[in-house]
Amino acid sequence: MPELPEVETTLRGIEPHLLHQRIATVTVREPRLRWPVPAEVSRAGGQQCLGLARRGKYLLLKLEKGGLLIHLGMSGSLRVLEQPESPQKHDHFDIELKNGACLRFNDPRRFGAFLWVEGDMESHELLRDLGPEPLSADFTAQYLYQRSRNRRVAIKNFIMNGHVVVGVGNIYASESLFMAGIHPQRAAGRISLQRYAGLVAAIRDVLGRAIRQGGTTLRDYVNSKGAPGYFAQELLVYERAGKSCFQCGGPVRQKVIGQRSSYYCPACQK
DNA sequence: ATTGACTCCTGATGGC
DNA sequence: TGCCATCAGGAGTCAA
């Protein structure tokens with residue numbers, strides 16, 4: 001799925017088509033997602049879209065009164081259709097605009113979400129307690145260092161925790177830890193301020209480059225035009241188990257950490 | 001408070 | 001071709 005770069009790419013793709021446009025209707029044809037899609041989403045009908053934003057991996061459509069919250073889950077994608085064709089399998093909902101265009105959500109695995117938010121979106125309980133944006137000035141080595149003191153959780157799980165920092169998923173967690181030379185299983189509380197500085201720089205760098213490449217397409221991610229992302233060719237360790245480390249030439253290892261596949265170089269990462 | 005395991009679901013892949 | 005097991009990019013929830 002979509003991690004931060006893929007959600008950001010989706011946002012940039014849909015924004016020009018939605019901003020200042022008026023929604024005609026919201027059609028839900030398969031409400032079974034992570035949570036059942038509430039009937040309230042139809043309140044978006046007739047409203048103008050005043051702004052779009054991303055918070056972590058959530059997409060926010062701000063309307064005149066209230067807003068829509070969308071999460072792509074593991075396999076979700078949003079497409080802009082200028083001339084809507086007939087819906088396909090796993091097309092869960094459409095946001096139809098007055099101008100005839102349509103924003104269509106497809107999600108085979110149904111881990112995505114589509115929710116109505118009354119009032120201020122940022123104070124919604126799913127967004128309220130999220131950590132800082134990794135590309136913002138709030139995300140610093142000092143912050144990570146402070147938050148991690150006395151924490152025994154593996155650093156990989158720590159940076160994948162949205163309450164610590166948002167947007168770092170399984171791919172970019174492995175990638176940034178490799179770049180920073182930190183073993184993914186190292187206890188978060190046993191990493192120095194200096195090494196956190198390297199990690200923060202690595203996370204910023206990898207996410208920034210991935211956004212520039214339109215995200216990573218491993219299996220089914222597509223952007224708002226249905227095109228894949230091209231960051232997969234820049235991956236250093238992810239899905240490279242047994243292949244040579246680009247830094248030392250030794251074999252890249254795969255190990256399950258916190259129920260997720262992790263990739264690292266045991267020689268380069270301590 | 002922190003942690004680790006479990007859960008939701010479909011689809012692709014590989015072994016037999 | 002079919003059947004079965006395994007594995008996927010997330011993250012909320014629960015129990016200890």
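Treat the numbers as computed from the prediction; the structure is a model and nothing was measured. The sequence lines fix the lettering, A, B, ..., with proteins before strands; numbering per chain opens at 1.
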Side chain of A/Arg109 - closest among C/dA11, B/dG11, B/dC9: B/dC9
Below 4.0 Å: OP1/OP2 of B/dT10 and any side-chain N or O of A/Lys89: no
A/His90 NE2 to C/dA8 P, straight-line distance once rounded to whole Å: 20 Å
Nearest listed nucleotide, side chain of A/Arg110, among B/dG11, B/dC9, C/dA8: B/dC9
A/Tyr172 OH - C/dG10 C1' separation (whole Å): 14 Å
Phosphate OP1/OP2 of C/dA8 contacted by A/Ser261 side-chain N/O (<4.0 Å): yes
Distance, rounded to the nearest Å, where A/Leu72 contributes CG and B/dC9 contributes P: 19 Å
Contact under 4.0 Å: A/Gln254 side-chain N or O vs C/dA8 OP1/OP2: yes
Sugar-phosphate only, base, or nothing, as touched by A/Tyr58 at under 4.0 Å among non-hydrogen atoms: sugar-phosphate
Atom pair distance, as rounded to whole Å: OH in A/Tyr221 and C1' in C/dA8: 17 Å
Touch class at under 4.0 angstrom, heavy-atom based, for A/Arg260 against every strand present: base
A/Asn106 and A/Gln88: side chain donor to acceptor below 3.5 Å: no
Toward the 5' end of DNA chain B, by each residue's nearest nucleotide, A/Arg149 or A/Gln259: A/Arg149
Six-ring centre of A/Phe246, A/Arg240 cation under 6.0 angstrom, axis tolerance 45°: yes
Geometric class of the A/Phe93/A/Phe105 ring pair [parallel <30°, tilted 30-60°, perpendicular >60°]: parallel
Nucleotide of C/dG10, C/dA8, C/dG12 approaching A/Glu3 most closely (side-chain heavy atoms): C/dG10
Euclidean distance, atom CG of residue A/Leu33 to atom P of B/dC9 [Å, nearest integer]: 11 Å
C/dC3 and B/dC9, which share atom name P, separated by this distance in whole Å: 23 Å
Between P of B/dG11 and CD of A/Gln88, the distance in whole Å: 13 Å
Interatomic distance, A/Phe158 CZ vs B/dG4 C1' [rounded to whole Å]: 16 Å
Strand partner of B/dC9, provided both Watson-Crick or wobble distances fall under 3.5 Å: none
Whole angstrom value for the distance that separates C1' of B/dC9 from CZ of A/Arg34: 11 Å
Pair A/Tyr238, A/Thr216: side-chain N/O donor-acceptor within cut-off below 3.5 Å: no
Touch class at under 4.0 angstrom, heavy-atom based, for A/Gly162 against every strand present: nothing
Nearest-neighbour nucleotide for the A/Arg151 side chain, C/dA8, C/dG10, B/dT2 considered: B/dT2
Result of checking A/Val37, A/Val26, A/Leu68 against A/Trp116 for side-chain contact (heavy atoms from CB on, under 4.5 Å): A/Leu68
Aro-ring/base stack A/Phe111-C/dG10, d under 5.5 Å, angle under 30°: yes
Side-chain donor-acceptor pair present, A/Arg147, A/Tyr143, cut-off under 3.5 Å: yes
